[in-house]
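Here is the naming used below: chain letters follow the sequence lines, and residue numbers restart at 1 for every chain. Heavy atoms only: backbone and side chains are in, while hydrogens, waters and symmetry mates are out.
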Amino acid sequence: RKEVEQDPGPFNVPEGATVAFNCTYSNSASQSFFWYRQDCRKEPKLLMSVYSSGNEDGRFTAQLNRASQYISLLIRDSKLSDSATYLCVVKHWEYGNKLVFGAGTILRVKS
Amino acid sequence: NAGVTQTPKFQVLKTGQSMTLQCAQDMNHNSMYWYRQDPGMGLRLIYYSASEGTTDKGEVPNGYNVSRLNKREFSLRLESAAPSQTSVYFCASSRGQAYGYTFGSGTRLTVV
């Protein structure tokens, strides 16, 4: 079983739509959680950290459910520029604070 | 404002050849990492260096060696390249435990 699992998609949505991505992680000792964005043939870039209380950054909202070991990302009012692969990422101390990446979910926003 | 710099950006090797991928960061980060990314697999950790003078194996270290030359530089060496090492390689650095990583732009390596 993969340590971090994501629906690979692709999610094809029209501009202005709301889209949600889900992610599950297997190691209950995971301590830190992130969403990264990766554009085609580019490096991953940090989109936002994810906190237990939930957090929002503009059109993006991230949620964490530790009991279910579940992370989500909600994108409201999708823009063409949101088209990318979204990577769910966890970090846990027992692996030397290394980031463990999901394989990513592809989002395509169309006009 | 360079961040993490990787060289080369592209490389084609023949099976059995060796090469070193270079990585340097100018953010004074202690920790540095090498990942490979393959289709459908996500990024997998090859080696990491928690601080200058230390290196440790990650998830997929076989066929690779690393050197943490100083605080800024962390190189990845393929001693005898194999087609299975065809991949995109990313170097990253981190300020500390609670922080995410900053990635370099990647090296696209093809082994024929």
* **Portion of Arg108(B) that has a non-hydrogen atom of chain A nearer than 4.5 angstrom** =>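 The answer is the side chain of Arg108(B).
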* **Portion of Glu59(B) that has a non-hydrogen atom of chain A nearer than 4.5 angstrom** =>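 Contact with chain A: none, neither part.
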* Partner of Tyr64(B) by side chain to side chain donor-acceptor pair (under 3.5 Å), out of Arg77(B), Lys57(B), Glu79(B), Arg36(B) ->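 For Tyr64(B), the side chain to side chain donor-acceptor pair (under 3.5 Å) check succeeds only for Arg36(B).
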* Out of Arg37(A), Arg41(A), Lys42(A), which one pairs with Asp39(A) under the side chain to side chain donor-acceptor pair (under 3.5 Å) rule? ->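 Only match with Asp39(A) under side chain to side chain donor-acceptor pair (under 3.5 Å): Arg37(A).
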* What residues of residues 14-24 of chain B sit under 4.5 Å from chain A when you count only heavy atoms? ->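 Answer by number: none.
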* Residue by residue, which of residues 14-24 of chain A have a heavy atom closer than 4.5 Å to a heavy atom belonging to chain B? ->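 Under the 4.5 Å heavy-atom cut-off, nothing qualifies.
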Do the side chain of [X] and the main chain of [Y] share a donor and acceptor less than 3.5 angstrom apart?
X         : Y         : result
Thr105(A) : Asp7(A)   : yes
Gln11(B)  : Val111(B) : no
Ser75(B)  : Val66(B)  : no

* Is there a chain of hydrophobic side chains (I, L, V, M, F, W, Y, each step under 4.5 Å between heavy atoms) that links Tyr48(B) to Leu76(B)? ->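 No: no chain of side-chain contacts under 4.5 Å links Tyr48(B) to Leu76(B).
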* Would you please indicate if the ring centroids of Tyr101(B) and Tyr33(B) are separated by under 6.0 Å? =>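 Yes, they do, as the ring centres are separated by less than 6.0 Å.
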* How many angstroms lie between atom CD1 of Ile46(B) and atom CH2 of Trp34(B), to the nearest 0.5 angstrom? ->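 One finds 8.0 Å between CD1 of Ile46(B) and CH2 of Trp34(B).
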* Non-hydrogen side-chain atoms of Leu78(B) and Gln85(B) separated by less than 4.5 Å ->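 They are in side-chain contact.
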Which bit of [X] is near chain B, if near means a heavy-atom gap under 4.5 Å: side chain, backbone, both or neither?
X       : result
Pro8(A) : neither
Gln6(A) : neither
Lys2(A) : side chain

* Could you label the plane-to-plane angle of the Tyr86(A) and Phe60(A) rings as parallel, tilted or perpendicular, counting under 30° as parallel and over 60° as perpendicular? =>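 Tyr86(A) and Phe60(A): tilted rings.
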* **Geometric class of the Phe103(B)/Phe90(B) ring pair [parallel <30°, tilted 30-60°, perpendicular >60°]** =>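 Aromatic pair Phe90(B)/Phe103(B) classed perpendicular.
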* Taking atom NZ of Lys71(B) as the centre, report whether more than 12 heavy atoms of other residues, nucleotides or ligands fall under 6.0 Å from it. =>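 Yes.
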